[in-house]
Chemist: 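To start, I am sharing the structure in question, which I have written as structure tokens.
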2 protein chains.
Amino acid sequence: MATTTDAPTRPELAVLTACCAPAQAAVADGNAQALADMFKALADPARVKIMAMLLNAEEVCACDISGGIGKSAATASHHLKILKDAGLATSEKRGTWVYYRAVPQRLNALVEALALSQ
Amino acid sequence: MATTTDAPTRPELAVLTACCAPAQAAVADGNAQALADMFKALADPARVKIMAMLLNAEEVCACDISGGIGKSAATASHHLKILKDAGLATSEKRGTWVYYRAVPQRLNALVEALALSQ
DNA sequence: GTATCGGTTCGACGTTCATCAAAACAGAAC
DNA sequence: GTTCTGTTTTGATGAACGTCGAACCGATAC
């Protein structure tokens, strides 16, 4: 076994650095799973494009998303459901159409978890 | 078809908001794929724990990571390779042991891509 | 009422992934 | 040289994922 070098104090770290003993995960199992689930929701090019569309337009009709990502309507609906389940997007039905929005607060949670980079 | 509401100008957006026409992805295919690949590298609880260990300790012996995530050495090596391939970690062999470090600059790229939340 | 259109869900298919046991590899100690 | 010890790679297996066509549900138009 080898001990690690001195751990630098990084008070700005929110989630990823809760404790410091080496040979032990610094995030609890639940936190790691929750973070991984959010990353997984973004771990597909189609969903990255969808989030970019939502963040650009504040509100996007579902009918525009299928063409925006170049996939079938069924596939687009599948990805939108994943983003909704992850809390990264919300939907609202108005008449015939469904409109999607991004949830910036959820993205903020990710930024805070990563806000340790240099 | 329905047009979206006015797109708010968000000059701080680096990657996700390059253009603005609705019904069209705001990120190029290559960018979306690159971002998705980085998110995918973090889309597993074991890898989230590993990154937290690396960010806490500045340098971690590979021998400590297996126990830290509660998986076999082979599995730990597998996850470390994924993090290395994504550019999120580097390794250095000194004598018998291998030491891993985080690459904060790569995490910064993700933060900038997400730095649009509220 | 029926017909049509937008969106979601279901079912199936092929691909990718996480995991571990076992084998292979690389140094260090003898 | 041989024998450990730590790490990576290989192979196999079961689970999860992305994709699309078809079926389904809601709301509008006729």
Side-chain angles (χ1 to χ4, degrees), chain A residues 1-4 22-23 25 29 32-33 35-51 53-54 59-86 89-101, chain B residues 1-4 22-23 25 29 32-33 35-51 53-54 59-86 89-101:
Chain A
M1 289 295 187
T3 58
T4 56
D29 285 17
Q33 183 69 59
L35 277 173
D37 287 343
M38 296 195 64
F39 285 128
K40 192 180 299 185
L42 293 171
D44 185 277
R47 295 198 287 272
V48 169
K49 287 186 191 173
I50 290 174
M51 285 306 298
M53 293 178 71
L54 298 186
E59 184 176 79
V60 178
C61 175
C63 58
D64 289 326
I65 291 179
S66 174
I69 64 175
K71 298 284 163 63
S72 72
T75 299
S77 183
H78 165 72
H79 287 306
L80 285 167
K81 176 170 168 46
I82 290 177
L83 291 174
K84 274 179 61 178
D85 289 347
T90 59
S91 66
E92 181 188 0
K93 185 164 192 171
R94 294 205 300 271
T96 305
W97 290 286
V98 178
Y99 297 89
Y100 281 85
R101 289 171 176 267
Chain B
M1 289 295 182
T3 57
T4 58
D29 285 17
Q33 182 70 58
L35 276 173
D37 286 344
M38 296 195 65
F39 285 127
K40 193 179 301 184
L42 293 171
D44 186 277
R47 295 198 286 274
V48 169
K49 287 186 192 174
I50 291 174
M51 285 306 298
M53 292 179 71
L54 298 186
E59 184 176 81
V60 178
C61 174
C63 58
D64 288 325
I65 292 179
S66 174
I69 64 174
K71 297 284 163 62
S72 71
T75 299
S77 183
H78 164 73
H79 288 305
L80 285 167
K81 176 170 168 48
I82 289 176
L83 290 174
K84 273 179 61 178
D85 290 347
T90 59
S91 66
E92 181 189 0
K93 186 164 193 173
R94 294 205 300 271
T96 304
W97 290 287
V98 180
Y99 296 88
Y100 282 84
R101 289 172 176 264

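Proteins get letters first, then strands, A, B, ... in listed order; numbering begins at 1 in each.
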Chemist: Ignoring the backbone of A/Ala74, work out which of D/dT8, D/dA22, C/dG7 is nearest its side chain.
Modeler: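 Per side-chain heavy atoms of A/Ala74, the pick is D/dA22.
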
Chemist: What is the distance, rounded to the nearest whole Å, between atom CG of A/Leu80 and atom P of D/dT19?
Modeler: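 These atoms are roughly 13 Å apart.
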
Chemist: Please determine, for the side chain of B/Val98, which listed nucleotide (C/dG7, D/dT8, C/dC20) has the closest atom?
Modeler: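 The closest nucleotide is D/dT8.
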
Chemist: Check B/Met53 against B/Asp64 and note the closest heavy-atom contact, atom names and distance.
Modeler: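 It is CE-O, 3.8 Å.
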
Chemist: Does A/Arg94 place a side-chain N or O at less than 4.0 Å from the phosphate oxygens OP1/OP2 of D/dA27?
Modeler: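 No, outside the criterion.
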
Chemist: Separation of B/Trp97 atom CH2 from D/dC4 atom P, in whole Å?
Modeler: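 These atoms are roughly 18 Å apart.
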
Chemist: Mind calculating the distance between CG (A/Asp85) and P (D/dA16) to the nearest angstrom?
Modeler: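 About 16 Å, once rounded to whole Å.
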
Chemist: Could you tell me how far apart A/Lys71 (NZ) and D/dT19 (C1') are, to the nearest whole angstrom?
Modeler: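 Checked: the NZ to C1' distance equals 8 Å.
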
Chemist: Let me spell it out: for each of A/Gly70 and A/Lys93, pick the nucleotide of DNA chain D with the closest heavy atom. Which residue's pick is nearer the 5' end?
Modeler: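 The 5'-side residue here is A/Gly70.
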
Chemist: Classify B/Lys84 by what it touches in the nucleic acid, base, sugar-phosphate, or nothing, heavy-atom distance under 4.0 Å.
Modeler: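 B/Lys84: no heavy atom of the nucleic acid under 4.0 Å.
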
Chemist: Return no unless some side-chain N or O of B/Tyr99 is found under 4.0 Å from OP1 or OP2 of D/dG6.
Modeler: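 The answer is no; no side-chain N or O of B/Tyr99 sits under 4.0 Å from OP1 or OP2.
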
Chemist: Categorize A/Ser77 for me: base, sugar-phosphate, or nothing, with a 4.0 angstrom heavy-atom threshold over every strand shown.
Modeler: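 Counting heavy atoms under 4.0 Å across all strands, the contact made by A/Ser77 includes a base.
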
Chemist: Starting at CG of A/Leu42 and ending at C1' of D/dG18, how long is that distance when rounded to a whole Å?
Modeler: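 Computing the A/Leu42:CG to D/dG18:C1' distance gives 16 Å.
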
Chemist: In whole angstrom, what separates B/His78's NE2 from C/dA21's P?
Modeler: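 That distance rounds to 15 Å.
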
Chemist: Could you tell me whether the side chain of B/Thr75 reaches within less than 4.5 Å of the side chain of B/His79, counting heavy atoms only?
Modeler: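 With C-beta onward as the side chain, the pair touches.
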
Chemist: Where do A/Ser66 and A/Ser72 come nearest, in terms of heavy atoms and distance?
Modeler: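 That would be OG-C, 3.5 Å.
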
Chemist: Find the distance A/Ile82:CD1 to D/dC17:P and express it as a whole number of Å.
Modeler: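 Atom-to-atom, A/Ile82 to D/dC17, this comes out as 7 Å.
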
Chemist: Please report the shortest heavy-atom distance between A/Asp44 and A/Ala46, naming the atom on each side.
Modeler: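 That would be OD1-N, 2.9 Å.
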
Chemist: Nearest whole angstrom, please: distance from the C1' of D/dC17 to the NZ of A/Lys81.
Modeler: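 Atom NZ in A/Lys81 sits about 15 Å away from atom C1' in D/dC17.
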
Chemist: Does B/Thr75 put a side-chain nitrogen or oxygen below 4.0 Å from OP1 or OP2 of C/dC20?
Modeler: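 Result: yes.
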
Chemist: Which heavy atom of A/Trp97 sits nearest to which heavy atom of A/Cys61, and what is that distance?
Modeler: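 Looking at all heavy atoms of both residues, the closest pair is CD1-SG, 3.6 Å.
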
Chemist: Taking only side-chain nitrogens and oxygens of B/His79, does any of them come within less than 4.0 Å of OP1 or OP2 of C/dC17?
Modeler: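 Checking B/His79 against C/dC17: no side-chain N or O falls below 4.0 Å of OP1 or OP2.
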
